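None of these values were measured; they are calculated from a predicted model. Convention: sequence-line order gives letters A, B, ...; per-chain numbering from 1. Atoms considered below: every heavy atom in the structure, side chains included; atoms not considered: hydrogens, waters and symmetry mates.
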Number of protein chains: 2
Amino acid sequence: MLTERQLFILQLLINDYIQTAEPVGSRTISKREDVTFSSATIRNELADLEEMGYIEKTHSSSGRVPSEKGYRFYVDHLLSPPVLSKKDVNNIHSLFAERMVEVEKVIQQSAGILSELTQYTSIILGPEVFETKLRQIQIIPLSKDTAVVILVADSGHVENRTMKIPPSVSMSDIEKVVNIMNERLKDVPLISLKSTMMKEMATVLKKHIENYNQVNTMLESLFLYTNAEKVYYGGKTNILTQPEFKDIDKVRLLLNTFEQDDVMYNILRPEKNGIEVKIGQENDLEAMQHCSIVTADYFIEGKRMGSIALLGPTRMEYQRSMSILGFLANDLTKTLTDRYQSFKHW
Amino acid sequence: MLTERQLFILQLLINDYIQTAEPVGSRTISKREDVTFSSATIRNELADLEEMGYIEKTHSSSGRVPSEKGYRFYVDHLLSPPVLSKKDVNNIHSLFAERMVEVEKVIQQSAGILSELTQYTSIILGPEVFETKLRQIQIIPLSKDTAVVILVADSGHVENRTMKIPPSVSMSDIEKVVNIMNERLKDVPLISLKSTMMKEMATVLKKHIENYNQVNTMLESLFLYTNAEKVYYGGKTNILTQPEFKDIDKVRLLLNTFEQDDVMYNILRPEKNGIEVKIGQENDLEAMQHCSIVTADYFIEGKRMGSIALLGPTRMEYQRSMSILGFLANDLTKTLTDRYQSFKHW
DNA sequence: TGTTAGCACTCTAAGGTACTGAGTGCTAAA
DNA sequence: TTTAGCACTCAGTACCTTAGAGTGCTAACA
């Protein structure tokens, strides 16, 4: 168990290290105004803290650096009360003041402002298709064997795919199918579109359509890819300004990971509600060894829709990041819920 | 004017430097089998070449390195005949063997294969809207004051925008407008959609619609952004493996530029037809100081549609890059033209 | 007159040594 | 329990030396 003084020293040390990125020595700590005890005392305490695994030395006569365990403890128990400057708050609010129509834009802008305010890289998981429902489906022929299928969701999201039409399927067949789909599939959540279609529509389609099998395989291919949530970024290269990323190999590893949407998706997918912090190895991904990720969720009508996140070095400003993130998640939730309700109750 | 021998030596030097990234000395050159004269002779020639500005020293007793002028001359006059291995050719052909339906995918894949084959960063300017024509326009209401507008082009390209509907404009008005648009604007090139609409439709609309002014401003905002060509990338981080990009600041500058679509667009927009090489400063952009860009165009029915490009260090394999690029541009042209014709003549 | 061998010279890169300063751990006294 | 004091450690820097790759120049050669 840590004593009051040890807690205090650990906090001072981590705060200092977050600012300077330099190992912190006992003398540095003793010089602070609110420290009454001597550097020798601090040395003793530091030795204890090191023994318990909260801090480390970079070499035998260096100052101390927080360990991942130390950061974990700091985040869980030692964060000072959140302070957001009015400037920051205004900055965020002003973003939502101009009521943007397109969700994509709202999110892209949010990513931008996050990375600007923090100088870290911001990552946002776009709204899940999860709860959005089909409003309308349309098929527009392009040539004798291709057509564009357009799905419009009640969230305003539009999805389109080009597909091949088997020669045995006629245009009038397709028209019939579309009509039936619009009747039967309206207000079905996009996520269960495929299964609903297979279940509910099979019998109806069989009645009205000749080449049921061909049509069916065609439709199956259409809904093959449940469109994953899109990943948005802000300040992708901000991380390169951090001293811990002077090494080009680390950078390449990390930037490569950014390009893999599926990997990022898994990293951001939160395990629990609320603001979550993952420190270094906790991300179990080599590229993220020296990074921490702070995530928060946003909601529409209480349903979790996606996450917003900040990625920085393990030595990141957790308190500030969490505050900004929480704040923005809140605003995002409000905006999107408003928007959604205006659609739903129309 | 350069003598035969000087040409030969310059060529050997640049070839060597491209492979090794190390300054090339007279002895290195003299050791080559096909070199009959001594290193002393070569030293004399190198001194002349340096005086003429084709090569440089990194310090007073170092070997020589090509200058930008040297590269320029090399690219214009000294390239050895193109050699593409069968493997490369097959690689590219196989890409187009599976006839993909969506242009986006074709292009994304092309970018991928380009960067894989060369280990440089590939950049592709998506097909211009330029010649593609409107096939159909649709408006789907989302709420009492918002609707999604969907434009389908004959190329299969789908464009959608969410817009606000002024309260004074009724749904039936909108339906009327859409009908008129579909009548009048069909087969109008997307690029001139706005002007055609303003000219041709004004009179008709005035007749049928009450709130002409509101509708008009609404429509104007709709076509405000001529959608720029999309920029696709492959192997964004490949450039980081080049020894000239060990410096994190150079990297940041370059990667930041990648994020600015408009800047990249201007860089890629070719000035003349055919395969073009821009070396270092010729790109007049700080971030591109140490880079060269090779661009080629692709066409649909003889009309230039976009460009594909490779970005590497100035010390890049020009010959190979140009060959691969030319080859792929050709395949791309064929594929897209085929596709387009199957749409057009339907 | 063009080519080449030879040599003095230059500069980088790598390795070694010495010094400084920030930091530690331990001990003994307050 | 705290602290002053001291010996010790180690990274970083500066400085020097050496090795090696390369040049430019000169004088001799074909």
- Tell me whether the OP1 or OP2 atom of C:dA22 has a side-chain N or O from A:S61 closer than 4.0 Å.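 Answer no for this pair, as no side-chain N or O of A:S61 is under 4.0 Å from OP1 or OP2.
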- Item | OP1 or OP2 of C:dT24 under 4.0 Å from side-chain N/O of A:R27 | no
What is the distance from [atom1] of [X] to [atom2] of [N], rounded to the nearest Å?
{"X": "A:L46", "N": "C:dG25", "atom1": "CG", "atom2": "P", "value": "8 Å"}
{"X": "B:I42", "N": "C:dA5", "atom1": "CD1", "atom2": "P", "value": "11 Å"}
{"X": "B:L49", "N": "D:dG24", "atom1": "CG", "atom2": "P", "value": "12 Å"}
{"X": "A:N44", "N": "C:dG23", "atom1": "CG", "atom2": "P", "value": "17 Å"}
{"X": "B:E22", "N": "D:dG20", "atom1": "CD", "atom2": "P", "value": "17 Å"}
{"X": "A:R64", "N": "C:dA22", "atom1": "CZ", "atom2": "C1'", "value": "13 Å"}

- Residue pair B:R43/A:S26 against DNA chain C: nearer the 5' end by closest nucleotide is B:R43
- Item | First of A:K57 and B:T41 reached from the 5' end of DNA chain C, by closest nucleotide |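 First, find each residue's nearest nucleotide; the 5'-ward one identifies B:T41.
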- Message: Less than 3.5 Å apart, any donor N or O on the side chain of B:E45 or B:T41 sitting next to an acceptor on the other?
- Response: no
- Query: Charged N to carboxylate O below 4.0 Å: is that the case for B:R320 and B:D88?
  - Reply: yes
- More than 12 heavy atoms from other groups under 6.0 Å of CD on B:E286: no
- Query: Pick from A:S60, A:S62, A:S61: which one makes a side chain to side chain donor-acceptor pair (under 3.5 Å) with A:T58?
  - Reply: A:S62
